[in-house]
Protein chains: 2
Amino acid sequence: MAETARTPVSRRRPQDDPADPGDRRSRYGNRPTMKDVAARAGVGLKTVSRVVNGEPGVTPDTERRVQEAIDALGFRRNDSARVLRKGRTASIGLVLEDLADPFYGPLSRAVEEVARAHGALLINGSSAEDPEREQELVLALCARRVDGLVVIPAGDDHRYLEPEIAAGVATVFVDRPPGHIDADVVLTDSFGGARDGVAHLIAHGHRRIGFIGDQPRIHTAIERLRGYRAAMADAGIEVDEAWVSLGPTHPERVARAAEAMLAGPDPVTAIFTGNNRVTVTVVRVLAGRPRPVALVGFDDIELADLLSPGVTVVAQDAAQLGRTAAERLFRQLDGASGPPERVELPTRLITRGSGELPPAR
Amino acid sequence: MAETARTPVSRRRPQDDPADPGDRRSRYGNRPTMKDVAARAGVGLKTVSRVVNGEPGVTPDTERRVQEAIDALGFRRNDSARVLRKGRTASIGLVLEDLADPFYGPLSRAVEEVARAHGALLINGSSAEDPEREQELVLALCARRVDGLVVIPAGDDHRYLEPEIAAGVATVFVDRPPGHIDADVVLTDSFGGARDGVAHLIAHGHRRIGFIGDQPRIHTAIERLRGYRAAMADAGIEVDEAWVSLGPTHPERVARAAEAMLAGPDPVTAIFTGNNRVTVTVVRVLAGRPRPVALVGFDDIELADLLSPGVTVVAQDAAQLGRTAAERLFRQLDGASGPPERVELPTRLITRGSGELPPAR
DNA sequence: CTGAAAGCGCTTACAG
DNA sequence: CTGAAAGCGCTTACAG
């Protein structure tokens with residue numbers, strides 16, 4: 001990569017070193033190696049290694065000489081080589097759906113903080129909700145020999161991970177369970193959260209309640225729909241299937257679904273939305289309507305309290321989800337044994353007004 | 001890491017292979033290597049390498065035998081070893097302020113997409129606005145020998161990067177320029193954006209306009225303040241220093257600053273906020289006040305259009321920022337030469353109501 | 001306290 | 001078309 005050194009910064013490799021063997025042409029833009037440091041300091045390779053890694057058993061004088069050579073050459077240990085010998089890469093992979101989705105920001109950050117506390121770096125990637133891309137990304141991370149994986153699955157068959165897990169790659173799934181394999185998983189109680197949210201609407205007098213959720217192949221979408229149906233059943237309300245809509249969460253589809261439920265002679269008087277993206281779109285749809293429609297959304301959204309009415313939500317703690325998963329991962333790496341566990345985090349109903357609107361007449 | 005293989009998944013390494021030399025005890029949970037594949041297929045190491053990498057010059061029959069051995073052993077190439085030999089790691093580092101900040105989500109995703117198009121993985125980390133942590137993270141990435149770095153700097157002195165850049169690590173700074181070194185940088189036109197936003201408030205009759213921004217050691221905070229002063233000067237308005245407040249962007253500090261400007265006999269009639277976090281807090285403060293106060297914020301925020309009034313903003317394109325930076329990075333890696341460049345992306349004023357309020361009497 | 005040799009799992013450069 | 005040898009930059013295991 002020497003050809004990219006387009007800066008005026010001068011090369012650190014001194015030309016005037018008589019100890020310079022002169023036969024090094026590494027690919028790393030001529031970076032000095034431990035061998036170079038050893039030659040310049042007049043010591044063995046292992047002594048340099050000791051100094052670089054702060055191992056004991058080096059006289060202060062020798063250490064000083066080595067340190068001087070390190071500084072003079074601008075040496076920085078190649079962790080990529082170190083990793084090959086040591087076996088652990090001190091890095092973990094995080095595969096999620098979309099780095100740009102605000103739901104995953106706090107989750108990523110939480111995973112990062114735990115990784116940092118364990119001295120590991122985070123390699124991050126988006127599956128874009130594409131099972132093939134998920135697999136491609138996960139296997140690329142395995143090829144890099146990450147110590148562990150935190151995966152928010154897009155696909156529903158993770159048997160491709162079996163050899164990797166057997167080979168020792170610690171793995172924790174988050175937000176959705178893996179398919180066809182047994183592994184640690186950290187979830188939000190989607191069923192319970194949705195049931196509570198819908199029950200809240202029923203308690204405020206609603207009976208014709210719509211549900212708009214994500215695609216049916218996504219676990220959380222199904223679970224939240226189950227929660228919706230359970231709450232309706234508990235109240236003895238028969239669900240008209242015209243009130244239920246699952247599908248992609250892009251604004252056009254969601255807006256169409258909402259409009260459909262609100263049209264006709266017998267429109268819904270309330271809507272339960274299955275995630276943050278759906279909620280945002282439905283809020284927009286409802287803002288353009290004269291008659292108030294009650295709304296409870298799964299996931300909290302920024303500024304929800306400042307809208308009129310404020311948006312009542314079933315909040316999940318994305319950061320806690322990430323933290324819990326990452327901590328389980330490092331517990332696996334620290335040698336914890338036992339069967340895979342399933343952790344379910346509770347949700348929290350936050351009432352702000354939209355969920356407490358009475359049914360329109 | 002064999003101790004973490006707690007799943008019922010069976011080991012892929014067959015025990016019945018007579019070609020098995022039996023003396024391999026790798027640290028990678030006994031992962032098969034090319035050597036193992038070669039032994040099983042009865043071919044040389046180089047032939048395995050050819051098949052794995054899709055190189056030409058292998059008879060279909062040999063290829064088939066090798067492929068069978070690969071499948072039987074569950075071999076996956078160790079890219080970590082490959083990297084050591086090849087020189088390029090096909091990974092880039094992205095150091096930003098906070099993965100959880102919604103501003104950085106689209107930026108990260110855009111960098112990731114460009115990296116993906118170039119076959120590279122993304123290693124991601126938050127500096128938490130701490131210069132030491134930024135340096136620690138950047139140098140850890142250099143030790144891993146990432147091919148390049150995209151850095152949103154927290155610190156103001158990046159001379160520590162000189163040896164790395166000289167050694168060939170491609171580097172692009174984003175959102176804020178580096179300190180004391182010359183390198184590619186992609187910025188938003190903070191000065192122009194702020195000037196336009198403040199001029200918009202002046203055009204709507206305001207003269208007593210507050211400015212609440214980030215800490216003064218942050219480049220964008222200073223630039224936006226400069227834009228504010230320029231707009232005021234252009235209109236012949238003398239700035240009362242009580243209208244200006246720079247500091248940390250946590251809600252308490254920002255709310256206090258806003259309250260102070262709005263108190264007293266001669267309060268400001270409009271506020272210009274320096275970034276998304278400041279805007280969110282000021283919207284909250286203003287929502288609790290009887291008299292309308294005009295507001296223009298730097299950075300767009302979700303649902304801004306649904307508040308009453310809608311929040312007028314000076315929007316920057318975070319995704320475009322990330323894309324531009326990553327593309328420059330890969331152009332460097334592809335051997336582009338020339339002096340470092342500074343790219344400045346324009347902002348866009350989006351009027352939604354809050355910025356068009358007249359001064360309160 | 002110090003260092004030479006072997007090896008991590010690949011690719012490179014070369015010879016058959 | 002195929003493969004043995006050397007080497008990437010470190011650490012490990014061992015001997016002085």
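Chain A is the first sequence line, chain B the second, and so forth, proteins listed ahead of strands; every chain is numbered from 1. Hydrogens, waters and symmetry mates are skipped; everything else that's a heavy atom, side chains included, is used.
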**Q.** Donor-acceptor contact present, side-chain Thr171(A) to main-chain Leu149(A), <3.5 Å
**A.** no

Q) Between atom CG in Asn53(A) and atom C1' in dG9(D), what is the gap in whole Å? A) 13 Å

Q.
Counting only side-chain nitrogens and oxygens, does Lys46(B) get under 4.0 Å of the OP1 or OP2 atom of dT12(C)?
A. no

Q: Select one nucleotide: of dC10(C), dC10(D), dT2(C), the one nearest the side-chain heavy atoms of Arg82(A).
A: dC10(D)

Q.
Just the rounded figure in Å: distance from C1' of dT2(C) to CD of Glu63(A).
A. 14 Å

Q) Side-chain N or O of Lys86(B) less than 4.0 angstrom from OP1 or OP2 on dC8(D)? A) no

Q: In plain terms, say whether Asp147(A) and Arg88(A) are close enough for a salt bridge, that is, a side-chain N and a carboxylate O under 4.0 Å apart.
A: no

(Q) In whole Å, I'd like the distance from the CG atom of Asp79(A) to the C1' atom of dG9(D). (A) 11 Å

Q: Considering just the side-chain nitrogens and oxygens of Asn78(A), establish if one lies under 4.0 Å of OP1 or OP2 belonging to dC8(D).
A: no

(Q) Between Glu164(A) and Arg76(B) (salt bridge meaning N to carboxylate O under 4.0 Å), is one present in this structure? (A) yes

(Q) Heavy atoms only, 4.0 Å cut-off, all strands: where does Val52(B) land among base, sugar-phosphate and nothing? (A) nothing

Q. Looking only at atom types and distance, does a side-chain atom of Glu97(B) sit under 3.5 Å from a main-chain N or O of Ala128(B), one as donor and one as acceptor?
A. no

**Q.** Spacing between Lys35(A) atom NZ and dG7(D) atom C1', to the nearest angstrom
**A.** 9 Å

Q: Would you check if there is a donor-acceptor pair between the side chains of His158(B) and Gln135(B) at a distance under 3.5 Å?
A: no

Q | Listed nucleotide nearest any side-chain atom of Leu84(A), set dC10(D), dC10(C), dG9(D) | A | dG9(D)

Q) Taking for each residue the nucleotide of DNA chain D bearing the nearest heavy atom, is the 5' side occupied by Pro56(B) or by Leu45(A)? A) Pro56(B)

Q: Using atom CD of Glu55(B) as one end and atom P of dT2(D) as the other, report the distance to the nearest whole Å.
A: 13 Å

Q: Would you tell me if any nitrogen or oxygen in the side chain of Thr62(B) comes within less than 4.0 Å of OP1 or OP2 on dT2(D)?
A: yes

Q: Using only side-chain N and O atoms of Thr59(B), determine if any of them is under 4.0 Å from OP1 or OP2 of dT2(D).
A: yes

Q) Are OP1 or OP2 of dT12(D) and a side-chain N or O of Arg85(A) less than 4.0 angstrom apart? A) no

Q. Quick one: do Arg145(A) and Asp79(B) make a salt bridge, cutoff under 4.0 Å?
A. no

(Q) Under a 3.5 Å cut-off for both contacts, is dT2(C) paired Watson-Crick or G-U wobble with anything, and if yes, with which nucleotide? (A) dA15(D)

Q) Counting only side-chain N and O atoms of Thr47(A), is one of them less than 4.0 Å from OP1 or OP2 of dT2(C)? A) no

Q | Distance in angstrom units between Phe75(A) CZ and dG9(D) C1', rounded | A | 8 Å

Q. Please give, in whole Å, the distance from dG9(D) C1' to Arg76(A) CZ?
A. 15 Å

Q. Taking CG from Asp36(A) and C1' from dC10(D), how many angstroms apart are they, rounded to a whole number?
A. 13 Å

Q. Which of the following nucleotides, dT2(D), dG9(C), dG3(C), is nearest to the side chain of Arg50(B)?
A. dT2(D)

